Structure formats: C-alpha cells, structure tokens
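Before any comments, here is the structure.
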Amino acid sequence: MSVKNYSLGQVGDYEIKQLKVFKTVVDCGGFSAAETSLNIGRSTISLHISNLEARLNLVLCKRGRGGFSLTEEGLIIYQMTENLLESLDAFRTTVNNLNVSLTGKLRLALSDKVSLDPRSHFPELIQRFSTEAPEVSITTNVSSMSNIERMILNDEADIGFIPYHRKLDGLSYVHLYSDDCYLYCGKDHPLATMSVEDQDEKVDKYPATHAGLKPHEAVSEQISQMNLTAISYFYDSRLALILSGRYIGFLPERYAASYVESGQIIAVAPENRSYTLGVAVICKKTTQPNKPRELFLKVLHQTVEELISAPY
C-alpha cells in the first residue's frame, strides 16, 4: 500500500480514536473478541481499521480464515500507539496536577489485610483526603507485594501499602508498623501435640506454605531449611492451608490471634520460630508533579502518630 514520498500530515482526534480501536483489537486478539470491549459491532470495527490503514497508507493486520495477525508495519504502529496513548495520559495527568482545583485520580494499591488494620489508619486517611480533595477519584487494588512494586514503578499506581521484604532504588518508603510473625499448625496437625522441644527438632520435615517471594534476611533464616511445598501469598488462603492440618506456615500474630484463642491453630516452637515484618507506604521517586499523591502523603504524615522514615 505504501507510496513513495507519502506524508501523514497532522494527526487529530479522529486518528487517535482509530488508533485506540486498533490497539483494543490487538489486545483482544481479533475483531470479534474486541466487540465487547469497544461496545461496537464487528463491521464498525472493521471500518475503523480500514480507514486507519488508508489514512496511514499501511496494511496493519491480516484477517481471514487464518485468524488475526499483525503485519511488520502493524506491530510497529501498535508499539508507537502504546507510547502515544501513555504520553497523552501523562500529559492529562500533569495538566490536572497544575490546575488550582485538585482533580484527577489517586490510585492506591494495598497488600493483604492492610486497609482494615487499625494501625494503617486507612479509613481515616481516605476520609481526610476526600474532604480536602473531593473532586479526585480514588481507585484501590489489592495485590501481592511484587506486583504493587511493579505498578508503582510503571506508573500504574500512585501509592502502595506493602509488607517490606526488600528496598528498590526507584521507590521511597515510609514505615507504618511492624508485625511479629509466628509459625502455626492446625489443631489436627502432628506438631500440635508435641512438646516445644520436639516441635523445634522435627518441624522442618513437615510440608509448609510460604509467600513465594524472595525473603529478606530474617525470613530467610527461618524458612531456609523448611519443606516449602505450597505457595500462598495472601493470609486468608495461607490460613486455610494451615487449617487443613496438612501444612504449617507463618502468619502475623495479630491476624492469627482469634484462631489461636479458639484452638483452631497453634503456634509452633514460638521461642525460635518467628520474625518481624514491617509494613510501609511506598511511592515512586520522581520529579513529575502529582498533586493527589503529594496531598495523600501530606495527610499520611498528619494522621499517623509518630510516623518515622522506614528503617531499611
């Protein structure tokens, strides 16, 4: 389709709309699959792609009995479209941040159980932030520590609440609180009826569940010799494995307290099998203005008593 000396000229809103349609089709893997995401029919999608190809003077994709696939030119345009749309989002965010009236989005990502832990003051933080910035929309997401780190570094989230396992150069950390974590087994587990001395001697041979992350030094010392046969990052699913009587695993003492009191789980060799796990608020080190993020951090420092810099 290419013509020598072809010039694209100015790109406007209509072309950007077509590029968004094109990106969605690629992300979905074809025209039919994109119908639901775009909320338009296949014939309309096809028309958008055809018009875009004519506008760019390029064949972007192959469609037919062989299925949907990108041409070499289509792959390049797809990658450039991703960059273009990310730049437009960054431009929009920056403009919103420069406005006198605080608008835009605040994207929060939290690890397991943090939002309802009273030590995080999360409901109070949201209340105070929303009072000061009522026009800012808030989105929350619950995920694993490693995914939250990735989201912050890739500008997919603004603020993260995570248990601390490591320090990354691109992130800033503010320590919130620390948990004492102990090793537990279910009431029907063989370790439950052993003496503490026998527990400490035999514990490493029993199947154990763990978070599946590269642990920091204190955790590594505890689990390095254990029989790690099940991965469960979130506390609820880890507790369920422990309650099964098949697995042992570490849990924060505060989280496990009610199950210990009811006799459903038992601490295993508590004098020797424990570690401390800190919880921190993280954000990306950047010079790009983000007023919602800056306001949230300000509210955080105002709300949490005796807040200190993370000791890592």
Side-chain angles (χ1 to χ4, degrees), residues 109-124 140-148 161-165 175-281 304-306:
L110 302 99
S111 192
D112 193 19
K113 302 300 180 184
V114 172
S115 61
L116 291 180
D117 191 305
R119 296 169 295 173
S120 74
H121 299 271
F122 189 72
E124 185 180 353
T140 61
N141 186 20
V142 176
S143 190
S144 65
M145 185 203 77
S146 57
N147 193 46
I148 292 173
F161 289 70
I162 64 169
Y164 175 76
H165 282 267
H175 179 74
L176 274 182
Y177 57 86
S178 295
D179 274 313
D180 292 325
C181 299
Y182 290 90
L183 184 63
Y184 294 95
C185 69
K187 62 181 178 61
D188 297 322
H189 193 279
L191 287 167
T193 57
M194 293 183 189
S195 67
V196 173
E197 291 76 14
D198 286 342
Q199 286 179 343
D200 202 22
E201 179 183 346
K202 300 177 180 180
V203 65
D204 289 335
K205 75 175 185 179
Y206 290 101
T209 175
H210 65 116
L213 301 170
K214 182 180 180 181
H216 63 65
E217 185 175 352
V219 181
S220 181
E221 289 177 358
Q222 291 290 336
I223 70 173
S224 60
Q225 301 302 316
M226 294 180 69
N227 181 16
L228 304 176
T229 58
I231 294 176
S232 181
Y233 176 82
F234 292 108
Y235 291 143
D236 282 354
S237 55
R238 197 182 311 171
L239 173 62
L241 292 178
I242 295 170
L243 288 170
S244 75
R246 169 66 179 170
Y247 295 95
I248 59 176
F250 283 94
L251 293 170
E253 183 180 23
R254 288 173 64 103
Y255 175 76
S258 64
Y259 298 92
V260 172
E261 291 174 5
S262 65
Q264 294 176 271
I265 63 175
I266 297 164
V268 176
E271 293 297 322
N272 297 321
R273 300 286 174 160
S274 68
Y275 59 84
T276 299
L277 185 64
V279 173
V281 173
V304 182
E305 296 180 2
E306 299 179 0

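Quantities reported herein were computed from a predicted structural model and do not represent experimental measurements. The residues of the chain are indexed from 1 along the displayed sequence.
- Side-chain atoms of Ser232 and Ser237 form a donor-acceptor pair, as typed in the model, at a separation below 3.5 Å.
- Side-chain contact check for Arg119 versus Val279: every heavy-atom pair is 4.5 Å or farther apart.
- Summarising the geometry of Ala230 relative to Leu241, their closest heavy-atom pair is CB-CD1, 4.2 Å, with the distance given to 0.1 Å.
- Between Leu277 and Tyr164 the shortest heavy-atom distance is CD1-O, 3.3 Å.
- For Tyr184, the ring-ring contact (aromatic ring centres under 6.0 Å, His included) test picks out no residue, with sequence neighbours left out.
- With Thr209 contributing its side chain and Gly249 its backbone, the two residues share no donor-acceptor pair below 3.5 Å.
- Closest approach of Ile148 and Ser143 over heavy atoms only: CD1-O, 3.6 Å.
- With a 4.5 Å cut-off on side-chain heavy atoms, Ile265 and Leu239 count as touching.
- The salt bridge (Lys or Arg N to Asp or Glu O under 4.0 Å) analysis of residues 232-256, with sequence neighbours excluded, yields the pairs Lys113-Asp236.
- Closest heavy-atom contact between Gly278 and Ser178: CA-OG, 3.9 Å.
- With a 4.5 Å cut-off on side-chain heavy atoms, Leu183 and Met226 count as touching.
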> Run the side chain to side chain contact (heavy atoms under 4.5 Å, CB included) check on His189 and Ile248 step by step: do they pass?
Replying inline: CA-CA 8 Å; His189 193 279; Ile248 59 176; 3.7 Å; yes
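- When every heavy atom of Val196 is checked against every heavy atom of Ala269, the shortest pair comes out as CG1-CA, 4.1 Å.
- Shown here are the ring-ring contact (aromatic ring centres under 6.0 Å, His included) partners of Tyr275, two or more places apart in sequence or in another chain: Phe250.
- Distance check: Phe122 CZ to Leu110 CG gives 4.5 Å after rounding to the nearest 0.5 Å.
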>> Tyr259 vs Ile242, test: side chain to side chain contact (heavy atoms under 4.5 Å, CB included). Steps then yes/no.
In response: CA-CA 11 Å; Tyr259 298 92; Ile242 295 170; over 6 Å; no
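- One distance of note links CG of Asp204 with CD1 of Ile223; it measures 11.0 Å at 0.5 Å rounding.
- From Gln199, atom CD reaches atom SG of Cys185 across 6.5 Å, with rounding to the nearest 0.5 Å.
- Here OG of Ser111 is found 10.5 Å from CG of Asn147. Values are rounded to the nearest 0.5 Å.
- Contacts of His210 classified as ring-ring contact (aromatic ring centres under 6.0 Å, His included), with partners at least two apart in sequence or in another chain: none.
- Legend: salt bridge (Lys or Arg N to Asp or Glu O under 4.0 Å) pairs involving residues 182-201, not counting sequence neighbours, sorted by first then second residue: Asp200-Arg273.
- Residue pairs meeting the ring pair (Phe, Tyr, Trp, His ring centres under 6.0 Å) criterion with at least one partner in residues 229-248, sequence neighbours excluded, are Tyr235-Tyr255.
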